[in-house]
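Below is one structure, written out as structure tokens, with a few remarks after it.
Numbering of ligands and ligand atoms starts at 1, following listing order. Because the structure is a prediction, the values reported are computed rather than measured.
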Amino acid sequence: MTPSARTVAVSGDTPYTIHIGPGLLGQGELLARHVRGRHVLLLSDSSVAPLYLAGVTSALLAARPDLLIGELVLPAGEASKTLAHFGDAITALAALGATRDACVMALGGGVAGDLAGFAAACWMRGVDCVQLPTSLLAMVDSSVGGKTAVDIPEGKNLVGAFHPPRAVIADTAALRTLPPRELRAGLAEVIKYGAIRDPLFFQWLQAEHAALLAGDDTALAQAIARSCEHKAEIVARDPLEKGERALLNLGHTFGHAIETEQGYGAPGNDNLNHGEAVAVGMVLAARLSAQLGMSGDADTNQLRELLLRYELPVAIPAGLQPEALLARMRLDKKNVAGRLRLVLWRGIGRAEVVADVDEADVLRVLAAG
Ligand code: GLY
């Protein structure tokens, strides 16, 4: 292992390790260590596959020449996270003759990770999944914790399963080829950890924005490790989101509503991507908290200013109607008995789940943009 690699342990009923460091996708022994049987399905997307798929395949085969490796490459973008492509993954596993000791490897961002994880959760009622995240967003959030899903037109991630990975291997060298917009989207999820539970990390992010935006290796590795430590601690205690894990959804109820309402886009279109929608969602959650007297406007402004410093959007895109967004929010998975449950905060580092939020209050925030 390279000297600068580090690990974060996820404990609990299904413990696993998150490996973080440059060059890990070329380490065949590390990749193959998590493959129990002979069958591997590598699921990737059309942006990531040309860069890394051949290298991962040859590294795996160098370590385990007996492996049978199948490939499935989907069009890049959230629009691929569908039941139809889930079906393609299942067909690929069948074509491979994958047995119960098979391993699905997700090589890419959150879309590849969520889809591969869901296919692994369902094939023969569950086979192993190894996450090989190549985007910052996937490294700090979606690859860790075992949430897997596909989107349907009615809402994001509405069909899925909890299926913890067998390992997460985050090759930070992959971030060097990440488009700047994708890097910023991942930084929104990094900022989320500071906003939820770590004021010191929030301050560090205020100080380090130039280094992080420039893709500085050391600063990014530190941001990823700290984010993964937070996520690991929470999902170890609450893997199925019966309690505190919901806090990780700060900004997500608003954000998912924006993503669903604007339609799931391909890369390069003008729609907000997931991280950008979460950035707007966090500001809306902060404003709602202030409106309910839980926090002050100064807290909202600090969050808004930090997001702006990271060149992230902080307002609802033009053309989205408040009533339509509220209708989307009614299908959020946190809601109970038809009442909105939202993650709000009492200021930086103090997020909490609030049940029975009045729709009129939410509408007021949405209408103000
Ligand atoms: N992305 C939030 C969670 O994994 O719980």
Mind listing the N or O contacts between ligand 1 and protein, cut-off under 3.5 Å?
unit_1, atom_1, unit_2, atom_2, d
ligand 1, 1 (N), D141, OD1, 3.0
ligand 1, 1 (N), D141, OD2, 3.1
ligand 1, 4 (O), K231, NZ, 2.6
ligand 1, 4 (O), R245, NH2, 2.8
ligand 1, 5 (O), K147, NZ, 2.9
ligand 1, 5 (O), R245, NE, 2.7
ligand 1, 5 (O), R245, NH2, 3.4

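A salt bridge does not link D238 to R245: none of the charged side-chain nitrogens sits closer than 4.0 Å to a carboxylate oxygen. Electrostatic pairing of R364 and E359 does not count as a salt bridge here, judged by no charged N lying under 4.0 Å from a carboxylate O. In this structure, E154 does not pair ionically with R328, as no charged nitrogen and carboxylate oxygen lie closer than 4.0 Å. A salt bridge links E276 with R181: the closest approach of a Lys/Arg side-chain nitrogen to an acidic carboxylate oxygen falls below 4.0 angstrom. Between D198 and R226, at least one side-chain nitrogen of the basic residue sits less than 4.0 Å from a carboxylate oxygen of the acidic one, meeting the salt-bridge criterion.
Other residues sharing the hydrophobic cluster of I258, ordered by chain and number and joined by side-chain separations under 4.5 Å: F254, L272, V280, L284, L288, L292, M294, I316, L320, L325, L326, M329, L340, L342, L344, V354, V357, V362, L363, V365, L366.
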